[in-house]
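What follows is a set of notes on a single structure, which appears directly below.
Each chain gets a letter, A, B and so on, in the order its sequence line appears, and its residues count up from 1.
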2 protein chains.
Amino acid sequence: MKIDDVIQTSLLYDFYGSLLTDRQREVMELYYGENLSLSEIAAEFSISRQGVHDALKNAGRALHEYEQKLGLVDKFQQSREAIGDIDERIEGLMEDVQKQEALVPAEVTAELQKIKDIIDKLEE
Amino acid sequence: MKIDDVIQTSLLYDFYGSLLTDRQREVMELYYGENLSLSEIAAEFSISRQGVHDALKNAGRALHEYEQKLGLVDKFQQSREAIGDIDERIEGLMEDVQKQEALVPAEVTAELQKIKDIIDKLEE
């Protein structure tokens, strides 16, 4: 599995994991979260290695189907990118303003800082 | 049904509607979207008024259960509020800057406008 696929699956899991079965969630936590091998997880649950493989595959498929229907991860990522863009621009403005302190009223600096705080909270 | 409940249900439907059955979706569209009465919808599908009532109730319950598990509408609303707050502050800054044009470099004004554009696109 490629690293991008792992990141994408983790993101899908963060969003839709609560819609999976308990067993699917447990297997995904051990595989993606704890980095256990298929054999280790099989031993943990006293099921076959193939059973673990199938559970992971079904869980992954279910997550992708939820995203196909809901598209919320895509929406979230677009929103994050836009907020990151705003964040960079606000930081740039704060630097510019700092260089030209005499020209810019203190209220502007204070207000930019407030906006920055809101963005930081959003990005938590 | 109170107006707040209708708004909340519509929002839940926007997010999770695609996870409902076709029939549940059709009934919700007619009831909330087209404002048809239970009797009118019953006639449309040749089912009982009680059947429409149950379909709406089950659909509403399913939507609330998705939100309880996923909490994405709540997350989305919080994010919208924060972005609305940033929007107001940027607009305030743009007004301040306009009043004191001589004091503020043109680049700052241009950059504020760019941020405003990104926010407007986010809020679409």
Side-chain angles (χ1 to χ4, degrees), chain A residues 12-20 25 62-63 65-73 75-76 78-124, chain B residues 12-20 25 62-63 65-73 75-76 78-124:
Chain A
L12 291 176
Y13 183 76
D14 284 345
F15 269 78
Y16 306 124
S18 56
L19 299 177
L20 299 176
R25 260 205 309 276
L63 293 177
E65 280 173 6
Y66 283 123
E67 177 59 6
Q68 262 186 338
K69 284 188 178 166
L70 301 173
L72 298 173
V73 172
K75 200 172 168 179
F76 173 79
Q78 282 178 24
S79 165
R80 276 277 152 136
E81 272 172 37
I83 290 164
D85 191 5
I86 295 171
D87 194 22
E88 271 176 39
R89 286 172 191 278
I90 293 286
E91 277 180 12
L93 276 176
M94 289 171 87
E95 278 170 32
D96 292 350
V97 159
Q98 215 164 19
K99 278 182 215 144
Q100 307 163 344
E101 222 174 302
L103 290 173
V104 179
E107 297 81 15
V108 172
T109 313
E111 193 64 7
L112 286 173
Q113 184 57 53
K114 275 187 203 155
I115 295 170
K116 177 81 182 121
D117 292 344
I118 298 168
I119 293 174
D120 288 346
K121 208 153 169 269
L122 257 184
E123 286 183 328
E124 265 170 17
Chain B
L12 291 175
Y13 182 76
D14 283 345
F15 269 78
Y16 306 125
S18 57
L19 299 178
L20 298 177
R25 260 206 309 277
L63 293 176
E65 280 173 6
Y66 283 123
E67 177 60 6
Q68 262 186 339
K69 283 188 178 167
L70 301 173
L72 298 173
V73 173
K75 199 171 169 180
F76 173 79
Q78 282 179 23
S79 165
R80 276 277 153 136
E81 272 171 37
I83 290 164
D85 192 3
I86 294 171
D87 194 23
E88 271 176 38
R89 286 173 191 277
I90 293 286
E91 276 180 12
L93 276 176
M94 289 171 87
E95 279 169 31
D96 291 350
V97 160
Q98 217 165 17
K99 279 183 216 145
Q100 306 164 345
E101 223 173 303
L103 289 174
V104 179
E107 296 82 13
V108 172
T109 312
E111 193 65 7
L112 286 173
Q113 184 57 54
K114 275 187 203 155
I115 295 170
K116 177 81 181 117
D117 291 344
I118 298 167
I119 293 173
D120 287 346
K121 206 152 170 268
L122 256 184
E123 287 184 327
E124 268 170 15

Quick one: CD on B:Glu81 to CD1 on A:Ile118, what's the gap to the nearest 0.5 Å?
-> 11.5 Å
What residue in B:Asp85, B:Leu112, B:Leu72, B:Val108 has the most heavy-atom pairs under 4.5 Å with chain A?
-> B:Leu72
Name all residues meeting the side-chain contact (heavy atoms from CB on, under 4.5 Å) criterion together with B:Phe76; count only those two or more places apart in sequence or in a different chain, and write none if there are none.
-> A:Lys75, B:Phe15, B:Arg80
Mind checking which of residues 86-94 of chain B sit less than 4.5 Å from chain A, heavy atom to heavy atom?
-> B:Ile86, B:Arg89, B:Ile90, B:Leu93
Honestly, the part of A:Leu122 sitting under 4.5 Å from a heavy atom of chain B is side chain
With rounding to the nearest 0.5 Å, note down the distance linking CD in A:Glu123 to OG in B:Ser79.
-> 11.0 Å
List the atom of A:Tyr16, the atom of B:Leu70, and the distance in Å for their closest heavy-atom pair.
-> CA-CD2, 3.9 Å
